[in-house]
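One structure is given below, encoded as structure tokens.
By convention in this document, chain letters (A, B, ...) are assigned in the order of the sequence lines, proteins followed by strands, and residues within each chain are numbered from 1.
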2 protein chains.
Amino acid sequence: MTDMASEKTGGVQAVSRALGLLKRLGAATEGQRVSDLAVQAGLAVSTTHRLLTTLEHSGFAHFEPTTSKWHVGHEAFAVGASYVQKRSYVAPALTYLRRLRDETRETANLGHLDDGHLVTLSQVESREIMRAISPPGGRVPATCSAMGKALLATWPDAQIAEFCDRHGFPTMTPRSVDGLSALMDQITHIRAQGYAVDNEEHARGLRCLAAPVWGPDGDAVCAISVSAMMMRLTGEMTEVVARRVVTAASELTEKIGGKRAEWPLPT
Amino acid sequence: MTDMASEKTGGVQAVSRALGLLKRLGAATEGQRVSDLAVQAGLAVSTTHRLLTTLEHSGFAHFEPTTSKWHVGHEAFAVGASYVQKRSYVAPALTYLRRLRDETRETANLGHLDDGHLVTLSQVESREIMRAISPPGGRVPATCSAMGKALLATWPDAQIAEFCDRHGFPTMTPRSVDGLSALMDQITHIRAQGYAVDNEEHARGLRCLAAPVWGPDGDAVCAISVSAMMMRLTGEMTEVVARRVVTAASELTEKIGGKRAEWPLPT
DNA sequence: TCCTTGTTTTCCATATCGTGGAAAACTCTT
DNA sequence: AAGAGTTTTCCACGATATGGAAAACAAGGA
């Protein structure tokens with residue numbers, strides 16, 4: 001992550017730089033020192049220090065004097081929390097995610113589309129040793145994600161094509177979907193079976209199964225998935241787990257007063 | 001909330017302004033229009049627009065073209081999520097919060113101290129109609145909160161006094177603790193009974209009961225509370241619920257490998 | 001349909017404001 | 001106590017953010 005926020009600012013320099021620092025604070029597992037952040041971001045130490053101080057005055061960063069390290073501040077948390085609070089399906093989803101995790105013993109996820117990417121909104125982790133690949137807040141190109149594909153599959157074909165025009169086919173592994181016809185093949189399957197599959201298209205060795213959740217106005221608003229190491233999710237297990245994912249998604253749909261629209265018909 | 005981020009910037013102007021806009025986006029329940037944000041923040045429309053564009057380039061804000069409103073972006077969520085991910089007790093706490101909510105039918109909360117304030121980290125809402133007063137990300141002066149007082153009570157008296165010197169006694173209702181001697185009286189009670197009480201000290205009509213959770217190094221790291229309308233949490237109920245809160249806190253302490261230190265002795 | 005009104009977005013000259021070097025104040029080590 | 005590696009403050013320079021005004025939209029209203 002050496003040059004995370006590249007050099008393209010695209011706006012007010014000072015603000016871009018400050019936000020870049022904030023991202024670094026969030027991405028780092030530990031507190032960061034001024035001078036380290038400065039070299040990482042390619043900024044002068046004094047500039048870095050001034051920007052951090054400004055972030056701190058607004059509560060977005062926090063300086064720990066005893067260790068002289070910088071951390072993400074409470075205000076960043078507050079603003080971030082509002083991102084999920086405004087999506088009223090997140091809170092009720094937890095019940096179903098938990099049950100899904102308990103039934104399958106694997107990680108259950110909730111995500112939605114945001115600007116061509118699937119953003120993980122919430123997750124209930126497997127008790128197995130594996131760490132989560134994509135923690136809450138994580139982003140993956142929609143076409144590299146089971147949840148993303150499940151949601152795309154609810155769109156009319158024309159909109160899917162337009163989507164792909166705009167966002168292309170970023171790939172994360174050699175098995176990621178690449179090209180519209182390959183995607184549409186999958187979409188057809190997804191619509192037929194009611195759930196989407198991701199076989200190492202996001203990360204090596206990882207398989208995901210996802211189903212969409214509908215909102216009151218008949219649009220899919222989010223998706224539920226189970227993700228697991230492929231070795232733990234093989235053959236006939238797949239179908240069993242998929243049915244449970246579909247069930248959870250249906251129940252959440254009902255809970256939030258959603259109307260399960262028909263899947264778009266192949267045109 | 002007319003002039004939220006006052007005029008004292010205390011750092012890089014452009015950055016303070018941008019963060020102020022971000023806070024407004026987070027605080028608003030709906031998307032905000034450029035011109036409204038501009039007047040709220042007292043900025044020129046063109047400046048506001050440029051700052052928002054910069055926020056968008058980094059993913060911290062998002063513009064909905066169909067409605068031409070601005071929202072909090074995914075990156076803000078990602079950074080905010082890291083605030084809780086780094087506190088390893090949040091995830092395991094959910095189990096106990098949920099049970100507490102089910103046992104008491106009231107809202108269960110998890111919070112910790114951050115710069116003199118109690119920050120609500122997580123919460124499992126009551127199924128009653130009442131909305132939560134302080135959603136995740138919310139901040140209250142420590143002395144106006146049951147969780148805050150429960151945590152302060154684990155500190156040596158000298159540090160409590162120092163804390164009060166630094167932060168004073170901001171009050172949120174007429175019943176909020178005001179003055180060191182009043183606080184120390186309460187601290188004594190808290191240490192004796194093992195839990196803290198907040199009787200309308202944070203919000204009119206609201207009562208909270210809280211107990212601290214210890215970490216592996218013998219310091220209290222967070223607190224668990226139950227908050228409810230006073231009318232639903234009266235008389236003998238209080239003691240019953242308080243015992244459940246204490247139990248939940250003890251269990252979480254154990255779960256995270258915490259060592260329950262002795263409460264500081266009155267000096 | 002073509003104005004009218006209320007937006008959002010772009011442009012640009014001005015001087016404000018952020019910048020980074022260098023020096024000063026700290027903090028730990030040796 | 002002195003030294004190395006920090007963090008923090010200061011300052012003159014000029015790059016850069018600023019806000020007015022105008023241009024591009026969008027949404028009614030006649």
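Within the structure, every pair that satisfies the salt bridge (charged side-chain N to carboxylate O under 4.0 Å, His left out) test and touches residues 142-156 of chain A, not counting sequence neighbours, is listed here: Lys149(A)-Glu201(A). Legend: salt bridge (charged side-chain N to carboxylate O under 4.0 Å, His left out) pairs involving residues 135-145 of chain B, not counting sequence neighbours: none detected. Within the structure, salt bridge (charged side-chain N to carboxylate O under 4.0 Å, His left out) contacts touching residues 25-37 of chain B (residues at least two apart or in different chains) are Arg33(B)-Asp36(B). Residue pairs meeting the side chain to side chain donor-acceptor pair (under 3.5 Å) criterion with at least one partner in residues 63-73 of chain A, sequence neighbours excluded, are absent. Sequence neighbours left out, not one pair with a member in residues 160-172 of chain A passes side chain to side chain donor-acceptor pair (under 3.5 Å).
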Protein N or O to nucleotides 13-16 of chain C N or O, pairs below 3.5 Å:
none

List, with names and distances, any nitrogen or oxygen atoms from the protein found under 3.5 Å away from nitrogen or oxygen atoms belonging to nucleotides 19-22 of chain D.
from	atom 1	to	atom 2	distance (Å)
dG19(D)	OP2	Thr47(B)	OG1	2.3
dG19(D)	N7	Ser46(B)	OG	2.9
dG19(D)	N7	Arg50(B)	NH2	3.1
dG20(D)	O6	Ser46(B)	OG	3.3

Produce the list of close N/O pairs, under 3.5 Å, pairing protein atoms with atoms of nucleotides 5-8 of chain C; give distances to one decimal.
from	atom 1	to	atom 2	distance (Å)
dT7(C)	O5'	Arg33(B)	NH2	3.4
dT8(C)	OP1	Val34(B)	N	3.4
dT8(C)	OP2	Ser35(B)	N	3.3
dT8(C)	OP2	Ser35(B)	OG	2.7

Can you pull every protein N or O that's under 3.5 Å from an N or O on nucleotides 23-26 of chain D?
none

Interface polar pairs with nucleotides 27-30 of chain C, N/O, under 3.5 angstrom:
none

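At a threshold of 4.5 Å between non-hydrogen side-chain atoms, the residues Glu75(B) and Ser58(B) do not count as touching.
Legend: residues meeting side chain to side chain contact (heavy atoms under 4.5 Å, CB included) with Glu254(A), ordered by chain and number and at least two apart, are absent.
Ring geometry for His112(A) versus Tyr89(A): interplanar angle of 30 to 60°, hence tilted.
Two end axes, each from the C1' atoms of five base pairs, can be drawn for the helix from dT1(C)-dA30(D) to dA24(C)-dT7(D); they diverge by 50°, to 10 degrees.
Here CD of Gln85(B) is found 11.5 Å from OG1 of Thr29(A). Values are rounded to the nearest 0.5 Å.
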Q.
What verdict does the side chain to side chain contact (heavy atoms under 4.5 Å, CB included) test give for Val79(A) and Phe60(A), after you've listed the backbone C-alpha separation in whole Å, the side-chain angles of each residue and the deciding distance to 0.1 Å?
A. CA-CA 9 Å; Val79(A) 171; Phe60(A) 283 83; 3.9 Å; yes

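For Arg17(B) (side chain) and Leu51(B) (main-chain N/O), no donor-acceptor pair under 3.5 Å exists by modelled atom type.
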